Protein chains: 2
Amino acid sequence: MKSAIPETGVPITPPTIGNGGDRQEASLHGEILLRLRDYVVEGNIPEGARVPERQLCEMLGISRTPLREALKVLAAEGLIELLPNRGARVRQLSQRDLEELFDVMAGLESLAGRLACEAITDEEIAAIERLHYEMYGHYLHRDMHGYFQTNQQIHESIVAAARNETLKTTYANFAGRIRRVRYSANFARKRQRWAEAMREHEAILDALRRRAASELSDILFQHLRNKRSAAIDHLAEAQGADLETTPQGD
Amino acid sequence: MKSAIPETGVPITPPTIGNGGDRQEASLHGEILLRLRDYVVEGNIPEGARVPERQLCEMLGISRTPLREALKVLAAEGLIELLPNRGARVRQLSQRDLEELFDVMAGLESLAGRLACEAITDEEIAAIERLHYEMYGHYLHRDMHGYFQTNQQIHESIVAAARNETLKTTYANFAGRIRRVRYSANFARKRQRWAEAMREHEAILDALRRRAASELSDILFQHLRNKRSAAIDHLAEAQGADLETTPQGD
DNA sequence: TGAAGCTATTTTGCATTCATTTTTTGTCTT
DNA sequence: AAGACAAAAAATGAATGCAAAATAGCTTCA
């Protein structure tokens, strides 16, 4: 009665996120880490569900030692919780946790914008402009999925332009933690919020062209803050609905 | 010839940094993690030195399993490197690494200041003012150690005022990574830089009193940027001197 | 009938053991 | 004598085994 994990074969997820993009692990432990991280980030394990080690071992076809090492790392990353003598649980993010995570993401993007102004090339700005127009197309066609993806590409481009691998890795880490939420938050976006976001993106581009570091920093922070509000609101509704179907763990 | 670790008993370091302040681990693995982290952060193992697991096990009086779990976590935190089949090394920070780390720290403090403006109380500001005057005293008395400590307290107070545990933990993590450098960088500070730093701190307090979020954000970033320059310069000298005494690992 | 207590099973935490890989050491050849 | 090859020693990576803790199941008693 506590399977928590579906019977599917283990899906190796696309090379999207992760710890920062290094997907060339050789050791078994490293491979397991990548697979487990994706498995959790993709949402294959219900939040707060207990996950017996034995089951994960069978699923992944390995012994408990490397699995436990991977679990420790995932716990350090904040994706799961490790209760002493009581196993691992997918970390349940409270509303407050989400607010905090969004704010830190906002701070990181704000920093990325500031640093990007110091080093970004005209070509990179042009590329972001192209993405912006592409996104505008998705907006006009009501293509939420495309909009979401392009939006994410824009933000990743800014982070890349910051020329700071440490920042990039940290950003990817936090992005992984709130990935599910972020996704549904974007889908939940009202059309009116879309329009706002488009205007904000235009302001971002404008500041970027002028290399106005602190101005861009402000705009990006506010932009993410607005996203935060949308996401939190949406999540509050969703969790309210969930309360009837999903009983609490304990 | 590869001891790398002195014969001393394992020192339990003071409860300063760590992962965020949670120092009530019950499990052996958790205890080991805290002790090892401090041990590394305190600089008891030479940079880049190879650290045989067996030796650490004897030193800590445990078997390899929990030790290896702790090593994996420390590697995820960026304190050590794990080379496949070739053991753990204390991560050697290049000059570029340091620049990146300082910039991320600057971004985090900048964010902390921004958030602090939303929630900080008059009492907290008063407390920071007291610290500021205390620091001024250390400055006048040329007490570098006291100055360093009080300075750190001020920055930690700002982070605390941000009311964001996630940010606090992340900040502590990065602080741990560059602790040694930061320390020596402060010691290396020229008196002229001291005067600048004092002025910057006054500007910080001013912006904080007015709850001028984006202004404070800018000032804090610049303040840390200046620290970065001082630290990097100092490190460049120190590393240059080291090159004659410390032969490279390989 | 229901709840409390006790036992059995499962699960976790850590130690130990086994298999590879790396590093060292010794020997041989040129 | 120097370099190269090979065997031994050591270290790492992973699996297995064992003790303690937790959960589940059963019995007993009110």
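Quick caveat, the model's predicted, so the values are computed rather than measured. Throughout, protein chains are lettered first and strands after them, A, B, ... in sequence-line order, and every chain is numbered starting at 1. Atom set for the values below is all heavy atoms of this structure, side chains included, hydrogens, waters and symmetry mates excluded.
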note: Glu31(B), atom CD; dG13(C), atom P; distance rounded to Å ~ 16 Å

Sorted by chain and residue number, the side-chain hydrogen bond (donor to acceptor under 3.5 Å, both in side chains) partners of Asn85(B) (sequence neighbours excluded) come out as none

With sequence neighbours left out, the residues meeting side-chain hydrogen bond (donor to acceptor under 3.5 Å, both in side chains) with Glu118(B) are Arg225(A)

Reading nucleotides 15-22 of chain C from 5' to 3' and marking B where a protein heavy atom lies under 4.0 Å of the base, S where only the sugar-phosphate is that close, and - otherwise, the string is BB----SS

- Going by atom types only, do Ser229(A) and Asn226(A) share a side-chain donor-acceptor pair under 3.5 Å? no

Applying side chain to side chain contact (heavy atoms under 4.5 Å, CB included) to Ala112(B) and not counting sequence neighbours gives Ile158(B), Val159(B), Ala162(B), Leu167(B)

Leu83(A) atom CG is separated from dG13(C) atom C1', nearest whole Å, by 14 Å

By side-chain hydrogen bond (donor to acceptor under 3.5 Å, both in side chains), Gln149(B) pairs with (sequence neighbours left out) none

Thr65(A) meets the side chain to side chain contact (heavy atoms under 4.5 Å, CB included) criterion, sequence neighbours left out, with Ser63(A), Glu69(A)

From CD of Glu58(A) across to C1' of dT16(D) the rounded distance in Å is 16 Å

Atom CD of Glu69(A) and atom P of dC14(C) are separated, to the nearest Å, by 13 Å

When rounded to whole Å, the CG to P distance for the pair Leu67(A) and dA14(D) reads 12 Å

To the nearest angstrom, the CD-P distance between Gln55(B) and dA11(D) comes to 9 Å

Rounded to whole Å, CG of Leu33(A) lies from P of dA14(D) at a distance of 12 Å

Taken to the nearest whole Å, NE2/His29(B) to P/dC14(C) is 8 Å

